[in-house]
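Labels below follow one simple rule: chain letters A, B, ... track the order of the sequence lines, proteins then strands, and each chain is numbered from 1.
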2 protein chains.
Amino acid sequence: MSKKNITDPHEILRGYNIKITPQRLLVYSILVNSNHHLSVDEVYAKVLETLPSVSRATVYATLECFRKHNLVKSLRIDPERSYFETRTDWHHHFLCRKCGKVFDVEVKPCIPMKKCMVEEHLIEDFQGYFYGICKKCLDKK
Amino acid sequence: MSKKNITDPHEILRGYNIKITPQRLLVYSILVNSNHHLSVDEVYAKVLETLPSVSRATVYATLECFRKHNLVKSLRIDPERSYFETRTDWHHHFLCRKCGKVFDVEVKPCIPMKKCMVEEHLIEDFQGYFYGICKKCLDKK
DNA sequence: CTAGTTGCAAAAGCTTTGCATGCAT
DNA sequence: ATGCATGCAAAGCTTTTGCAACTAG
């Protein structure tokens with residue numbers, strides 16, 4: 001069976017015209033296999049488990065490369081650091097001020113999920129951030 | 001006439017239980033009188049025009065104090081730096097990727113403009129960020 | 001072969017902190 | 001009088017950069 005699976009990281013990167021390296025395959029797999037939004041440090045830590053010689057600069061370069069090619073999206077819901085995710089459709093996020101966790105929120109965005117004009121500006125991307133106390137932290141109190 | 005104007009910075013700060021100092025009055029006036037979203041450095045530069053001995057640390061502390069008391073809101077639409085504004089109702093912002101300017105966007109937010117529950121999380125604050133090319137930069141090309 | 005990627009170390013830029021002094025109430 | 005705010009300098013973090021060596025296509 002030589003039919004390639006469309007979820008094969010090689011195929012994905014090739015489809016986005018991203019040159020394939022072991023580091024990039026690894027970073028992409030880590031992001032795809034995590035259902036969380038990962039910070040650069042979290043990605044870096046996971047990378048080291050498999051390829052201990054990779055440098056932080058490579059992780060930054062790789063994530064920036066993915067972002068430029070629209071393979072991943074970066075979040076800045078937390079002012080302290082960036083998070084990355086492979087889900088690229090427009091959706092909202094929620095940051096819990098107690099535990100610091102980031103959640104997806106399935107609220108319908110206020111404008112269409114595609115490029116459009118708003119007040120004569122060309123909109124290319126969107127981020128909707130909510131801040132508050134998450135379900136779990138509410139229960140604890 | 002001794003009736004105090006409600007836009008008097010003294011009264012505003014007092015109303016928010018913020019201890020009054022010359023530095024704080026100045027920072028607040030700068031924010032209120034600017035119709036822009038100001039970065040810390042922009043606030044700091046304007047502060048120095050009036051009180052040249054104020055330190056950057058005081059500006060940071062003051063803005064954080066105002067933010068904690070809900071007198072101002074901070075934006076992180078630009079990953080590089082924070083912006084501050086006195087408009088505290090929920091509204092969207094737009095960052096132009098060409099010129100770097102931040103604009104208000106009067107799109108109706110996707111959830112009510114007050115504390116509410118979304119997917120069992122308590123929502124206390126909201127930021128909606130759009131990214132793209134602004135009207136002016138579109139015209140130039 | 002050749003452009004693009006990597007790893008390292010250092011630098012950059014924003015923000016926070018520790019501490020002594022000074023001020024608001 | 002006293003707790004909080006200020007100013008200064010230094011430190012902390014995330015992120016970027018310069019450069020030489022390497023590697024994918």
So which protein N/O to nucleotides 3-6 of chain C N/O distances come out below 3.5 Å?
from: C:dG4; atom 1: O4'; to: A:Lys19; atom 2: NZ; distance (Å): 3.3
from: C:dT5; atom 1: OP1; to: A:Arg24; atom 2: NH1; distance (Å): 2.9
from: C:dT5; atom 1: OP1; to: A:Arg24; atom 2: NH2; distance (Å): 2.8
from: C:dT5; atom 1: O5'; to: A:Arg24; atom 2: NH2; distance (Å): 3.3
from: C:dT6; atom 1: OP1; to: A:Thr21; atom 2: OG1; distance (Å): 2.7
from: C:dT6; atom 1: O3'; to: A:Gln23; atom 2: NE2; distance (Å): 3.0

Q) B:Tyr16 and B:His69: aromatic ring centres closer than 6.0 Å? A) no

Take the protein atom [atom1] of [X] and the nucleotide atom [atom2] of [N], then report the distance between them rounded to whole Å.
| X | N | atom1 | atom2 | result |
| --- | --- | --- | --- | --- |
| A:Leu26 | C:dG7 | CG | P | 11 Å |
| B:Arg56 | C:dC14 | CZ | P | 8 Å |
| A:Lys68 | D:dT16 | NZ | P | 10 Å |
| A:Leu13 | D:dA24 | CG | P | 14 Å |
| B:Leu51 | C:dG22 | CG | P | 18 Å |
| B:Arg67 | C:dT15 | CZ | P | 13 Å |

Q.
I'd like to know if A:Lys46 and A:Glu49 make a salt bridge, using a cut-off of under 4.0 Å between side-chain N and carboxylate O.
A. no

**Q.** Pair A:Asp125 + A:Lys115: basic N to acidic O under 4.0 Å
**A.** no

**Q.** Among D:dT14, C:dT15, C:dC14, the one nearest B:Arg81 by side-chain distance
**A.** C:dC14

(Q) Strictly below 4.0 Å: does B:Arg76 bring a side-chain N or O up to OP1 or OP2 of C:dT15? (A) yes

**Q.** N/O (side chain, B:Tyr60) to phosphate O (OP1/OP2, C:dT16) under 4.0 Å
**A.** no

Q. Hey, mind stepping through A:Tyr129 and A:His92 against ring-ring contact (aromatic ring centres under 6.0 Å, His included) and telling me if it holds?
A. CA-CA 6 Å; A:Tyr129 300 143; A:His92 292 79; 9.1 Å; no

**Q.** Heavy-atom side-chain contact between A:Glu42 and A:Tyr44 under 4.5 Å
**A.** no

Q | Criterion side-chain contact (heavy atoms from CB on, under 4.5 Å) against B:Arg24, the qualifying member of B:Leu71, B:Thr62, B:Leu63 | A | B:Thr62

**Q.** Nearest-nucleotide comparison on DNA chain C, the residue closer to the 5′ end among B:Ile20 and B:Glu64
**A.** B:Glu64

